[in-house]
Amino acid sequence: TMDIEPFMRGDTAAWEGRDERLFCALFTPDGTYHNTPFAVQRGHAELAAYWQRVKLQEDVALRYEVLADSPDGGVAHWHVTYQVASEELFAIWARSTGTHLPPREAGSPLPRMVLDGVLQARFEGDRCRECRLWWHSQPQPA
């Protein structure tokens, strides 16, 4: 059976490796991933499509701390930094946050981002049935 520690190890490998196959393998075939409280990806095809955005990130570093563990779920605090590797990703980030677009001169270097959040996962057998995230991001201060 799955619990939060191997799930977080798998999530770390999938994000740092920018690998949608590893990411999808963590979930049941109809598993859900609520990347924000108001958005959901359901099933491996939607999970894989969502995970394509990590391919626009470079030098990804993720660390986590398990906050709660139970036989069918868990909660973890996670912290990620990455280098924005494309204007496309910067635009996705700007649209997906509840914050304003930080000032940036056209053609200036893309920022390194800092994300901090909490996830709650519910497991079924050896896979995740539902994962919910609450997080915030900002450019890393100079």
Side-chain angles (χ1 to χ4, degrees), residues 1-104 107-142:
T1 62
M2 175 75 79
D3 64 39
I4 191 71
E5 183 66 41
F7 178 78
M8 291 306 299
R9 285 196 306 268
D11 186 57
T12 299
W15 199 339
E16 290 183 346
R18 297 174 295 169
D19 188 331
E20 73 275 10
R21 291 179 309 271
L22 285 176
F23 182 63
C24 290
L26 295 169
F27 290 85
T28 61
D30 60 347
T32 59
Y33 185 77
H34 300 258
N35 68 295
T36 75
F38 308 111
V40 63
Q41 291 76 48
R42 185 179 311 277
H44 288 191
E46 289 184 15
L47 293 172
Y50 174 77
W51 211 242
Q52 294 307 303
R53 69 178 59 192
V54 306
K55 296 188 178 192
L56 305 174
Q57 303 170 359
E58 292 178 351
D59 190 23
V60 179
L62 186 153
R63 66 180 194 269
Y64 65 87
E65 173 189 9
V66 171
L67 302 178
D69 191 9
S70 71
D72 64 347
V75 177
H77 168 232
W78 53 269
H79 186 88
V80 173
T81 61
Y82 65 82
Q83 177 61 45
V84 176
S86 75
E87 294 286 349
E88 179 186 0
L89 180 65
F90 190 76
I92 288 170
W93 173 79
R95 287 193 307 270
S96 68
T97 66
T99 59
H100 67 286
L101 184 65
R104 182 170 160 265
S108 67
L110 289 160
R112 183 163 185 84
M113 299 300 296
V114 180
L115 284 67
D116 197 81
V118 172
L119 71 75
Q120 177 187 42
R122 297 186 194 284
F123 305 114
E124 184 176 282
D126 62 353
R127 300 283 161 79
C128 182
R129 151 85 45 215
E130 178 184 59
C131 183
R132 293 181 174 273
L133 279 72
W134 297 266
W135 57 277
H136 190 72
S137 63
Q138 66 180 17
Q140 190 170 56

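Positions are given from 1, in the same order as the sequence printed here.
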The ring pair (Phe, Tyr, Trp, His ring centres under 6.0 Å) partners of Y64 (sequence neighbours excluded) come to none
Tell me which pairs pass salt bridge (Lys or Arg N to Asp or Glu O under 4.0 Å) where either residue lies in [range], with sequence neighbours left out.
range	value
residues 133-142	none
residues 28-47	D30-R129
residues 132-142	E130-R132

Write down the atom of [X], the atom of [Y], and the distance for their closest heavy-atom approach.
X	Y	answer
D3	D69	CB-OD1, 3.7 Å
W51	A14	NE1-O, 3.3 Å
P111	Q83	O-NE2, 3.2 Å
R18	V54	CD-O, 3.0 Å
L62	E16	N-OE2, 2.9 Å
F123	C128	CD2-CA, 3.7 Å

Interatomic distance, M8 atom CE to L26 atom CG [nearest 0.5 angstrom]:
10.0 Å
How far does CG of L56 sit from OG of S86, to the nearest 0.5 angstrom?
4.0 Å
Hey, mind stepping through T36 and W135 against side-chain contact (heavy atoms from CB on, under 4.5 Å) and telling me if it holds?
CA-CA 8 Å; T36 75; W135 57 277; 4.2 Å; yes
Could you please spell out the steps behind the side-chain contact (heavy atoms from CB on, under 4.5 Å) verdict for I4 and V75?
CA-CA 7 Å; I4 191 71; V75 177; over 6 Å; no
Just do the side chain to side chain donor-acceptor pair (under 3.5 Å) check on W15 and Q57 with the steps written out, would you?
CA-CA 9 Å; W15 199 339; Q57 303 170 359; 2.7 Å; yes
Can you check whether M113 reaches P139 side chain to side chain, under 4.5 Å on heavy atoms?
yes
Is any side-chain heavy atom of L47 less than 4.5 Å from a side-chain heavy atom of E20?
no
Out of D11, T12, L115, which one pairs with W78 under the side chain to side chain contact (heavy atoms under 4.5 Å, CB included) rule?
L115
Residue set satisfying side-chain hydrogen bond (donor to acceptor under 3.5 Å, both in side chains) with T81, at least two apart, ordered chain then number -> R112
For Y33 and F23, I'd like to know if the aromatic rings sit close, meaning centre-to-centre distance below 6.0 Å.
yes
Is it true that a side-chain atom of H44 and a backbone atom of T28 form a donor plus acceptor pair closer than 3.5 Å?
yes
Report yes or no: does Q120 contribute a side-chain atom to a donor-acceptor pair with the main-chain N or O of G74 at less than 3.5 Å?
no
Taking only residues two or more places apart in sequence or in another chain, which ones pass salt bridge (charged side-chain N to carboxylate O under 4.0 Å, His left out) with R9?
E5
